[in-house]
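Below is one structure, written out as structure tokens; the observations come after it.
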Amino acid sequence: MHVALTGATGFLGLRLLRRLLDTHRSVTVLAHAGSGDALHRITRFFALTGAPEAYLAELPGRLRVVETELERPGLGLSGREFQELADGLGAIWHSAGSINLAGDLPELRRTNVEGTRHVLELAAAGRERPVVHHVSTAFVAGSRREGVAYEDELDDAHGFENAYERSKYEAETLIHTWSGEHRRPAVVLRPSILVTDLPPHPELPSHPLQVVERILRDARGTAAPGSRPRLRLVGRPDGRLNLMPVEHAAEVMVRLAGRTPSGGVDTYHVVHDRDVPVPTIATLLERVVGLSVDLVATEPEDLSALESLVDFYPGLTTYLTHRRRFDDTRVRALFGSSAASGPVDLDYLWSGLVPRSPVPAPSPATAPPSARYA
């Protein structure tokens, strides 16, 4: 079976590619046209994450790079190129997409919805009837902040926190429609927020907490040098977030792909078995950026310059008010204890934001965020 992967140079895509190369002799990388040398970026990732020289030397022979445009019908290929690509595939992994929480809906639909539509057209055109593995997000559950989100649920009754969530919901509805019309199997994989303990590097793609850290660090520049500014963030002291190590998420996804599909749409939550308390996130941001974080119930009317800049980025703190749990009974039933991830705690998250060093102890004069709520 030959496999194609979109988004192979992204934060998750690089890890998926590593796992796919463990089980497939070669992989076709559907790279974004004009984005640069995908093979070089992939090789650098493998080199920076410890792959041996012999492995790196084999990559040009194991990877076929095809430049495509997801937003265009036929992926921007000629009719002949499109058909040749389709006929050579036994499986398609669709991991590419925009994760811009501040993006507007038309922009996100072009990438996340129309891009999915065009990948499905590729799957429908192939004579080998390739299975589609679609990377969605657990946050298609939308704005419901309490209770349990189940894998079989897919509706918009609760609305969405942002346009990104809606676009991913709409992409999933396309998968279901396509599967029903063509009577073809598809696998939908819904990860939670993906993180890593790999220290940041300029040649590696960022994960969501790194983006948050950069936004806060930029905003902190408005404060007086040497000060420890106060930042009031809307959040719940009893809130929790599901943060999943990206390496383990990729492993679980590829293992799920090895199972015989049901014939319809099989949906799996790829999530951690233990949520991270919101106060832990607040403590992390305090120590990384040098702030005093207070979790508050509602947005203050008297925003400081720092708080106004942070508030300018919609979606930044929305999830600090969540207590929702994602049910992953199917994955745990299939894989047992091997489905469980290692702990995602303050040390783990710290390692993924700064060069490796001990987590600094809190100042004796400063109460932890869990003790300070307005």
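For this chain, numbers begin at 1 and follow the sequence in order.
Ring to ring, Phe160 and Phe139 are not that close: their centroids are 6.0 angstrom or more apart.
Applying the side-chain contact (heavy atoms from CB on, under 4.5 Å) test between Arg220 and each of Ile215, Leu309, Leu291, Leu231 identifies Leu291 as the sole match. Checking Thr280, Asp345, Asp275, Leu349 one by one against Leu243, the side-chain contact (heavy atoms from CB on, under 4.5 Å) holds for a single residue, Leu349.
With hydrogens and angles disregarded, no donor-acceptor distance shorter than 3.5 Å links the side chain of His248 to the backbone of Met244. Counting only distance, with no hydrogens or angles, the side chain of Asn242 and the backbone of Val271 share no donor-acceptor pair below 3.5 Å. Of the possible donor and acceptor atoms, none in the side chain of Glu67 sits under 3.5 Å from a partner among the backbone N and O of Ala31. A donor-acceptor pair is defined here as one N or O able to donate and one able to accept, closer than 3.5 Å; no such pair exists between the side chain of His2 and the backbone of Leu89. The main-chain N or O of Arg324 is never found under 3.5 Å from a side-chain atom of His322 such that the two would form a donor-acceptor pair.
Relative ring orientation between His134 and His94 is described as tilted, the plane-to-plane angle lying within the 30° to 60° band.
With contacts defined as side-chain heavy-atom distances shorter than 4.5 Å, the pair Leu334/Tyr268 qualifies.
Counting all heavy atoms, side chain and backbone alike, Asn112 lies closest to Lys168 at ND2-CD, 4.0 Å.
Geometric assessment of Arg255 against the ring of Phe335 yields a positive cation-pi assignment under the 6.0 Å and 45° thresholds.
When only modelled atom types and interatomic distance are considered, Asn100 and Ser98 share no side-chain donor-acceptor pair under 3.5 Å.
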**Q.** Step-by-step side-chain hydrogen bond (donor to acceptor under 3.5 Å, both in side chains) determination, Thr267 to Arg330
**A.** CA-CA 9 Å; Thr267 303; Arg330 287 177 179 165; 5.2 Å; no
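With respect to the salt-bridge test (charged N to carboxylate O, under 4.0 angstrom), the residues Arg232 and Glu307 qualify.
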